[in-house]
Protein chains: 2
Amino acid sequence: MSRGISFEKHDHASCVNEALDVADQFCKAHKLQLTKVRRRVLEILLGQHKAIGAYDILAQLKAEGLGSQPPVVYRALDFLVSHNFVHKVEKLNAYVACSHSGQHHSPAFMICRMCDAVAEMQTSPKAGVFGATAREIGFEIENAVIEAEGICPSCQKDDAAQ
Amino acid sequence: MSRGISFEKHDHASCVNEALDVADQFCKAHKLQLTKVRRRVLEILLGQHKAIGAYDILAQLKAEGLGSQPPVVYRALDFLVSHNFVHKVEKLNAYVACSHSGQHHSPAFMICRMCDAVAEMQTSPKAGVFGATAREIGFEIENAVIEAEGICPSCQKDDAAQ
DNA sequence: TTTGAAAGTGTTATAATATAACAGGATTAA
DNA sequence: TTAATCCTGTTATATTATAACACTTTCAAA
């Protein structure tokens, strides 16, 4: 299925459930607590294929009586981000569910500036020209933020149709 | 000289002046107003080889009687960023003087998490694996944020010395 | 060289994003 | 079963950023 790797349509309900299952199992295996709040925040993010702000998530939690103050959502996000269930999109100060949950990896994003969809792909920051330059000057890369803004295939079509 | 391309030491006063000269000439040539505030903000940023926050810049301006409210510094930064004299480092919500002023280009940064130094290099986002994947899925890249965190050569030495 | 338009600045107010600190409750492991 | 750890709830506040409007400066056309 490769959720989120491209901008393609897919069976959303099942992709959400699959991802939640993976998270449940990962947490069980690693003795992590996927608590009510954390699980619900992940679920909310999985429900979108775009990045959403902490306060948007908070508004949903509030409506459901699941915590009403910023620290609640930020703590849940900290947990989810630190275990790679969710990534922060720095360019947007927003958060997006991961397409490769639970595994340590180095994500890169393509962000559509028309519809706000976000697609995730994997990268190897130490490879390529960037990695080579880093080695050349002796910089030790620990992690990398890679975020491209542009227009997704679907919005290009819409644009052309006008 | 290649200011900022690596983490090397260099003649700082002259590199600041050179960069200001380049900015002056670019603005003259393009009929842009490098006003007092804008020029001073650029100068402050050039005085560092690290990214600094808008409110740190504002504090300096304030001390000099050059504008005391946030919009003053944010407007100056908008100008400087839009003409590529300065870049925003998204990961830090901070700003850094450009090493290749005035020319349209696609910067990438290496950020030292120990000393906060920032080195800029050039990239071609559409090249490499990332660009290839984008083309594959039909995503049109307009601009890219590339920011690596890690440890600069100098801090690696200091670390080893302990 | 005036004068009108555009661009820039000063200021107040507020929005949006994020964290510190501490009290209390739940879970885990000895 | 109890102590330690982790998680949640809450208040308060820090940090980053922008909207809106009045006023000034600059620029360029008449």
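Order of the sequence lines sets the chain letters (A, B, ...), proteins ahead of strands, with each chain counted from 1.
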Item to check | Polar side-chain contact A/Tyr55-C/dA18 base: donor and acceptor under 3.5 Å | outcome: yes
Checklist outcome for this item: Per atom distances to the B/Ser68 side chain, the nearest of C/dT11, D/dA17, D/dT10 is C/dT11
Checklist entry - Taking OP1 and OP2 of C/dG10, is either one under 4.0 Å from a side-chain nitrogen or oxygen of B/Lys62? => result no
Item to check | A/Lys36 side chain near C/dT27 phosphate (N/O to OP1/OP2, under 4.0 Å) | outcome: no
Checklist entry - Rounded to whole angstroms, how far apart are OH on A/Tyr74 and C1' on C/dA21? => result 18 Å
Item to check | Residue closer to the 5' end of DNA chain D, B/Lys31 versus B/Lys88 (nearest nucleotide) | outcome: B/Lys88
Item to check | Atom-to-atom span, CG of A/Leu92 to P of C/dA18 - whole angstrom | outcome: 11 Å
Checklist outcome for this item: note: A/Leu58, atom CG; D/dT8, atom P; distance rounded to Å ~ 14 Å
Checklist outcome for this item: Nearest heavy-atom approach of B/Leu46 to B/Ala97 is CD2-CB, 3.6 Å
Enumerate all atom pairs, one protein N or O and one N or O from nucleotides 3-7 of chain D, separated by less than 3.5 Å.
residue, atom, partner, partner atom, Å
D/dC7, OP1, A/Arg38, NH1, 2.9
D/dC7, OP1, A/Arg38, NH2, 3.4
D/dC7, OP2, A/Arg38, NH2, 3.4
D/dC7, O5', A/Arg38, NH2, 3.2

Checklist entry - Is there a donor-acceptor contact under 3.5 Å from the side chain of B/Arg135 to the main chain of B/Lys126? => result yes
Next on the checklist: To check you understand the geometry: which heavy-atom pair defines the closest contact between A/Phe139 and B/Ile111, and what is its length?
Outcome noted: CZ-O, 3.4 Å
Checklist entry - Quick one: B/Glu90 CD to D/dT16 C1', roughly how many Å, whole number? => result 12 Å
Item to check | Interatomic distance, B/Gln69 CD vs D/dA19 C1' [rounded to whole Å] | outcome: 14 Å
Next on the checklist: Could you check whether any side-chain N or O of A/Gln156 sits under 3.5 Å from a backbone N or O of B/Gly138, counting only pairs where one atom can act as donor and the other as acceptor?
Outcome noted: yes
Next on the checklist: Just the rounded figure in Å: distance from P of C/dA7 to CZ of B/Arg75.
Outcome noted: 15 Å
Checklist entry - Rounded to the nearest Å, what distance is computed from the CD1 atom of residue A/Ile57 to the C1' atom of nucleotide C/dA18? => result 13 Å
Checklist entry - Could you state the CG-P distance from B/Leu34 to C/dA7, rounded to the nearest angstrom? => result 17 Å
Checklist outcome for this item: Heavy-atom closest pair (A/Cys155 atom, A/Ile151 atom, distance to 0.1 Å) is CB-CG2, 3.6 Å
Checklist outcome for this item: Result for 5'-nearest mapping on DNA chain C, choosing between B/Gly65 and B/Asn93, is B/Gly65
Next on the checklist: Checking B/His87 against B/Glu147: is there a side-chain donor and acceptor pair closer than 3.5 Å?
Outcome noted: no
Item to check | Nearest atoms (heavy-atom pairs only) where A/Ser99 meets A/Glu120 | outcome: N-OE1, 2.9 Å
